[in-house]
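What follows is one structure encoded as structure tokens, with my remarks underneath.
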There are 2 protein chains.
Amino acid sequence: MPSGRPAIPLDRILSAALRIADEEGTQALTMRRLASELNSSTAMLYRHFESRADLVLQIVDYVFKEAELFALPFPQTDWRQACRSLARRMFAVLGQHRGVAQLLLEATPNGPHAMVLRERCLAMMLDNGFAPPLAARAYATLARFVLGFAIQVGRQDAAQSAAFHQLDRAAFPATYALADELPVPLEEEFAFGLDLMIAGLEAFTF
Amino acid sequence: MPSGRPAIPLDRILSAALRIADEEGTQALTMRRLASELNSSTAMLYRHFESRADLVLQIVDYVFKEAELFALPFPQTDWRQACRSLARRMFAVLGQHRGVAQLLLEATPNGPHAMVLRERCLAMMLDNGFAPPLAARAYATLARFVLGFAIQVGRQDAAQSAAFHQLDRAAFPATYALADELPVPLEEEFAFGLDLMIAGLEAFTF
DNA sequence: ACCTGAACACCGTTCAAGT
DNA sequence: ACCTGAACACCGTTCAAGT
């Protein structure tokens with residue numbers, strides 16, 4: 001092929017990387033795998049990214065932009081609903097992209113989209129009468145709560161549910177009695193924990 | 001050296017592995033590194049562990065045993081204090097051993113110690129009048145909350161705190177106003193979130 | 001029986017050499 | 001200017017060969 005071949009656009013690299021991470025898991029996202037997916041070489045990738053960690057950073061920002069979390073409408077009338085819907089949306093997005101939550105552990109998102117989202121959320125809390133220290137702690141805690149649960153998506157043992165019914169009833173009476181309720185699906189744990197935290201926040205806002 | 005040299009005891013391997021993971025991070029815990037720490041070879045490790053994942057599993061169980069979480073006294077008079085102290089202890093243990101929380105993501109702990117701990121916690125909740133579905137959800141959610149936060153220990157950017165004071169005040173008024181409160185230390189986020197969840201649980205227990 | 005050295009098939013990263 | 005093939009220093013895992 002002659003000399004006029006264009007450089008591979010960044011968007012195409014990132015979407016290919018995201019697809020690999022989602023479909024085959026984070027560990028399958030290697031520089032060689034990504035390069036071969038693009039019919040190119042690993043050295044070419046180092047023209048776009050300083051390192052594998054840098055690639056990860058750019059993928060995270062790409063997802064934030066794709067999800068347009070920052071564009072969520074905030075019904076300022078009720079901070080409970082605003083917090084609930086934002087947290088759920090964020091959890092859903094991170095859960096959908098398996099690899100991204102794990103990547104988020106390595107680098108806190110300080111890209112432009114994440115900053116706008118934080119600003120809008122903090123402003124909403126202040127508008128609703130949250131004292132400044134409470135707003136800061138509430139936002140930080142909720143954000144970390146979402147990430148902490150999102151990172152655990154898809155890690156449940158399938159074989160675990162049957163084990164609770166085969167326990168020694170005498171040694172584990174309480175666990176045996178709750179065998180029908182265990183294990184709790186992660187999504188339900190998330191929703192329940194979120195409701196508990198919002199209910200707990202009520203006590204701080206009069 | 002003659003033939004009588006004994007096999008390396010499992011405890012010595014696991015404690016060496018834990019020390020490497022704690023001091024140098026999970027990524028430094030390679031089979032070669034661990035083998036050379038023991039003045040041995042990688043092939044020898046495969047006599048004790050089926051794979052690296054299996055090594056990880058045994059390290060997790062080793063920590064549970066070391067921490068003796070299952071031996072915590074439960075003051076059955078107050079479920080709030082019992083939940084609070086157990087969650088804090090667990091968080092502290094996991095936070096202290098940097099690598100272990102990360103390893104816990106890969107394999108839910110179903111070792112004997114984890115099972116005893118779960119039994120005692122569920123029994124305590126039932127004794128305090130929790131309805132069975134509530135006890136199951138409360139325990140599952142609290143356990144996952146602890147792990148979700150513990151896994152984020154030690155991942156904070158040191159350079160981040162200064163950034164909040166250098167923001168464009170017009171574009172980010174709320175964030176700028178809260179610059180003194182941000183970022184919230186992870187330990188404080190954990191304690192605050194735990195208090196919120198326990199406060200939220202009050203509503204379910206009359 | 002237990003361990004070793006060396007091999008196999010991978011990684012991330014770099015760089016002289018091509019067009 | 002942009003890309004490539006090949007190299008370097010690593011991985012986890014396996015296995016014939018030693019004692």
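Here is how names work: the chains are called A, B, and so on, in the same order as the sequence lines, proteins then strands, and each is numbered from 1. Given the structure is predicted, the values throughout are model-derived calculations rather than measurements.
Judged purely by atom type and a 3.5 angstrom limit, A:Gln152 uses its side chain to pair as donor or acceptor with the backbone of A:Gly148.
Using a 4.0 Å heavy-atom distance criterion, B:Thr30 is classed as a sugar-phosphate-only contact. Within 4.0 Å (heavy atoms only), B:Thr42 reaches at least one base atom of the nucleic acid.
If you measure from atom CZ of B:Arg33 to atom C1' of D:dC11, you get 15 Å, rounded to the nearest angstrom. We find that CZ of B:Arg47 is positioned 12 Å from C1' of D:dC15, with the value rounded to whole Å. At whole-Å resolution of the value, CZ in A:Phe49 and C1' in C:dG12 are 15 Å apart. Between the NE2 atom of A:His48 and the C1' atom of D:dT4 there is a distance of 14 Å, given to the nearest Å. A straight line from CE of A:Met44 to C1' of C:dT14 spans 16 Å, rounded to a whole angstrom. As a whole-Å value, the separation of B:Leu45 CG from C:dC3 P is 10 Å. When rounded to the nearest whole Å, the span between CZ of A:Arg32 and C1' of D:dA7 equals 11 Å. Atom CE of B:Met31 is separated from atom P of C:dC3 by 14 Å (rounded to the nearest Å).
Distance CG/B:Leu86 to CD/B:Gln81: 13.0 Å, rounded to 0.5 Å.
Out of D:dT13, C:dT13, D:dT4, the shortest distance to the side chain of B:Tyr46 is found at D:dT13.
Under the Watson-Crick or G-U wobble criterion, with both distances below 3.5 Å, C:dG12 is paired with D:dC8. As the counterpart of C:dC2, D:dG18 is assigned, both hydrogen-bonding distances of the Watson-Crick or G-U wobble pattern falling under 3.5 Å.
Ring geometry, A:Phe190 versus A:Phe91: the interplanar angle falls under 30°, so the pair is classed parallel (tilted spans 30 to 60°).
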Item to check | Audit row: B:Leu194, B:Ile198, side-chain contact (heavy atoms from CB on, under 4.5 Å) steps and yes/no | outcome: CA-CA 6 Å; B:Leu194 182 59; B:Ile198 291 175; 4.2 Å; yes
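A salt bridge links A:Glu37 to A:Arg19: at least one charged side-chain nitrogen sits closer than 4.0 Å to a carboxylate oxygen.
OP1 or OP2 of D:dT4 sits under 4.0 Å from a side-chain N or O of A:Ser40.
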